[in-house]
Amino acid sequence: MRNSSRPRVLVTGGAGFLGSHLCERLLESGSDVLCVDNFYTGLRDNVAHLLEHPRFELMRHDITFPLYVEVDEIYNLACPASPVHYQLDPVQTTKTSVHGAINMLGLAKRVKARILQASTSEVYGDPNVHPQREDYWGNVNPIGVRSCYDEGKRCAETLFFDYLRQHSLRIRVARIFNTYGPRMYPNDGRVISNFIVQALRGEDITLHGDGSQTRSFCYVDDLVGGLIRLMGAPDDCTGPVNLGNPEESSIRELAGRVIAMTGSQSKIVHSPRPGDDPNRRRPDITLARQKLAWEPKITLEQGLARTIGFFKDLLGPNDGALRRTGREQTHSGRA
Ligand SMILES: NC(=O)c1ccc[n+]([C@@H]2O[C@H](COP(=O)([O-])OP(=O)(O)OC[C@H]3O[C@@H](n4cnc5c(N)ncnc54)[C@H](O)[C@@H]3O)[C@@H](O)[C@H]2O)c1
């Protein structure tokens with residue numbers, strides 16, 4: 001017999017970077033958590049510390065197939081998020097976003113659950129409007145190498161709003177901007193993890209282009225807080241709502257900061273910009289401030305310090321072994 005006062009929460013992609021932090025926070029707030037993941041990029045290690053928790057359950061499942069469980073809330077995070085991973089099998093990436101959304105929306109409809117979609121700033125493409133507000137429709141290449149992710153996520157948003165209009169589902173859509181923190185993967189091509197790992201190993205730091213392109217980086221704890229606020233908001237607060245840190249920094253500045261904070265001797269080298277790499281990215285978070293009373297609290301300096309600490313522990317004295325086996329190979333092998 002279940003205790004009906006405790007929300008049962010499904011987190012798809014729960015063994016990934018963001019998902020594992022979200023599972024932790026939901027457990028802390030007293031929820032029952034069902035973590036569903038096919039371990040495409042996620043790791044059992046990311047949730048190993050939760051496996052003994054009496055309110056936590058881990059299930060291997062691919063959300064491109066239907067799922068029948070009883071839950072009150074669904075956070076749909078399943079999808080590879082770094083270009084290295086989502087471009088490896090682009091058809092599967094689109095399937096995960098589109099079929100996955102259909103399956104999770106179908107589940108939400110059957111069990112009358114609230115459902116939140118982890119969408120992305122990539123729906124804005126290479127934006128002509130700066131900073132990006134939620135009413136900007138974006139500038140996305142529909143046939144490029146990033147389209148499997150960008151268009152997959154755009155289609156998922158469409159499905160969420162069609163389920164709202166057609167079936168009165170209780171939806172929330174969060175457009176997540178670049179987020180970083182512990183449990184990022186050492187070799188997945190994301191800029192913060194790349195720079196930190198290169199700096200700690202004393203390798204050259206690779207800047208794409210001249211490094212003048214900008215990004216805004218949100219620390220994972222802030223982001224997870226925003227997702228939980230959005231899920232808890234009144235049902236007319238559907239979003240889409242931008243969640244990210246509006247503090248903008250150029251990639252060149254970021255590299256300098258990482259070198260300084262790690263005390264590294266690494267040198268900066270330049271490589272060509274990847275296809276459809278956006279020039280500028282910064283969220284306008286007015287809506288999140290107004291509707292969710294949410295804004296990031298952790299500065300880039302504080303967040304980088306914690307993330308550098310994580311990678312120092314991860315690489316540690318066994319760095320050589322890590323390069324050949326285990327965690328890193330799981331990801332770099334796929335790349
Ligand atoms: N981290 C960011 O900066 C960022 C920015 C914007 C949006 N997002 C979104 O947030 C979500 C989580 O991102 P992340 O950074 O934690 O990435 P991640 O790769 O660490 O996590 C994604 C998780 O989804 C799982 N997964 C992938 N396909 C699946 C499938 N078909 N069925 C079940 N599980 C599947 C992976 O194994 C992994 O555990 C993604 O939807 C991503 O698009 C992240």
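We count ligands from 1, going down the list as the structure has it; atoms in each ligand are counted the same way. Hydrogens, waters and symmetry mates play no part in the numbers below; they use all other heavy atoms, side chains included.
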Only heavy atoms count here, so choose which of Tyr185, Phe17, Tyr149 is nearest to atom 9 (C) of ligand 1.
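Selected option, by shortest heavy-atom distance: Tyr149.
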Option with minimal heavy-atom separation from atom 38 (C) of ligand 1, where the choices are Asn178, Thr41, Thr96
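Heavy atom nearest to atom 38 (C) of ligand 1 belongs to Thr41.
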Among all protein heavy atoms, pick the one closest to [atom] and tell me residue, atom and distance.
atom                    : result
atom 39 (O) of ligand 1 : Asp37 OD2, 2.5 Å
atom 10 (O) of ligand 1 : Leu18 CD1, 3.5 Å
atom 40 (C) of ligand 1 : Leu77 O, 3.1 Å
atom 7 (C) of ligand 1  : Ser119 O, 3.4 Å
atom 2 (C) of ligand 1  : Arg190 NH1, 3.4 Å
atom 22 (C) of ligand 1 : Cys79 O, 3.2 Å
atom 31 (N) of ligand 1 : Asp62 OD1, 2.9 Å
atom 35 (C) of ligand 1 : Asn38 OD1, 3.0 Å

Going by the atom numbers of ligand 1, which of them fall below 4.0 Å from some non-hydrogen atom of [X]?
X      : answer
Phe39  : 37 (O)
His61  : 32 (N), 33 (C)
Gly42  : 36 (C), 37 (O), 38 (C), 39 (O)
Gly16  : 20 (O), 21 (O), 38 (C), 39 (O)
Ala81  : 13 (O), 14 (P), 15 (O), 17 (O), 19 (O), 42 (C)
Lys153 : 40 (C), 41 (O), 42 (C), 43 (O)
Gly13  : 23 (C), 24 (O), 25 (C), 39 (O)

Can you tell me if [X] has a non-hydrogen atom under 4.0 Å from ligand 1?
X      : value
Met184 : no
Gly100 : no
Arg175 : no
Glu122 : no

To the nearest 0.5 Å, what is the distance between [atom1] ([X]) and [atom2] ([Y])?
X      : Y      : atom1 : atom2 : result
Asn242 : Ser121 : CG    : OG    : 8.0 Å
Arg273 : Leu207 : CZ    : CG    : 11.0 Å
His130 : Gln132 : NE2   : CD    : 6.0 Å
Leu116 : Phe160 : CG    : CZ    : 7.5 Å

Is there at least one pair of N or O atoms, one from [X] and one from ligand 1, spaced under 3.5 Å apart?
X      : value
Pro80  : no
Asn76  : no
Thr120 : no
Ser121 : no
Ile63  : yes
Leu43  : no

Asp72 and Lys112: CA distance, side-chain angles, deciding distance, salt bridge (Lys or Arg N to Asp or Glu O under 4.0 Å) verdict
CA-CA 7 Å; Asp72 305 302; Lys112 299 185 173 36; over 6 Å; no
Quick check on Arg44: does its CZ atom have over 12 non-hydrogen neighbours (other residues, nucleotides or ligands) under 6.0 Å away?
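Open: at most 12 neighbouring heavy atoms sit under 6.0 Å from CZ of Arg44.
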Is the number of heavy atoms from other residues, nucleotides or ligands under 6.0 Å of Arg133 CZ greater than 12?
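Not more than 12 within 6.0 Å, no.
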Do Asp235 and Arg114 come close enough that some side-chain heavy atom pair is under 4.5 Å?
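A side-chain contact exists here, since the closest heavy-atom pair is under 4.5 Å.
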Side chain proximity check, Leu26 to Phe56, heavy atoms < 4.5 angstrom:
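Leu26 vs Phe56: side chains apart.
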Taking all non-hydrogen atoms of both residues, which atom of Leu58 and which atom of Val47 are closest, and how far apart?
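The answer is CD2-CG2, 4.1 Å.
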Do you reckon Met184 sits in the same ILVMFWY cluster as Phe177, going by side-chain contacts under 4.5 Å, direct or chained?
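As far as the 4.5 Å side-chain criterion goes, Phe177 and Met184 are not connected within one cluster.
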Hydrophobic clustering (ILVMFWY, side-chain heavy atoms < 4.5 Å, transitive) - are Ile176 and Tyr136 grouped together?
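Different clusters.
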Mind checking what makes ring-ring contact (aromatic ring centres under 6.0 Å, His included) contact with Phe217, not counting sequence neighbours?
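Result, ring-ring contact (aromatic ring centres under 6.0 Å, His included) vs Phe217: none returned.
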Give every donor-acceptor pair under 3.5 Å between a side-chain atom in residues 250-259 and any protein atom, sequence neighbours left out.
from: Ser250; atom 1: OG; to: Arg252; atom 2: N; distance (Å): 3.4
from: Ser250; atom 1: OG; to: Glu253; atom 2: N; distance (Å): 3.1
from: Arg252; atom 1: NH1; to: Asp210; atom 2: O; distance (Å): 2.8
from: Glu253; atom 1: OE1; to: Ser250; atom 2: N; distance (Å): 3.3
from: Arg257; atom 1: NH1; to: Glu301; atom 2: OE1; distance (Å): 2.7

Name the orientation class of the two ring planes belonging to Phe17 and His21 (parallel below 30°, tilted from 30 to 60°, perpendicular beyond 60°).
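Rings of Phe17 and His21: perpendicular, over 60°.
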Less than 4.0 Å between a side-chain N and a carboxylate O, is that true for Glu157 and Arg154?
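Looking at Glu157 together with Arg154, the answer is no, because their closest N to O distance does not fall below 4.0 Å.
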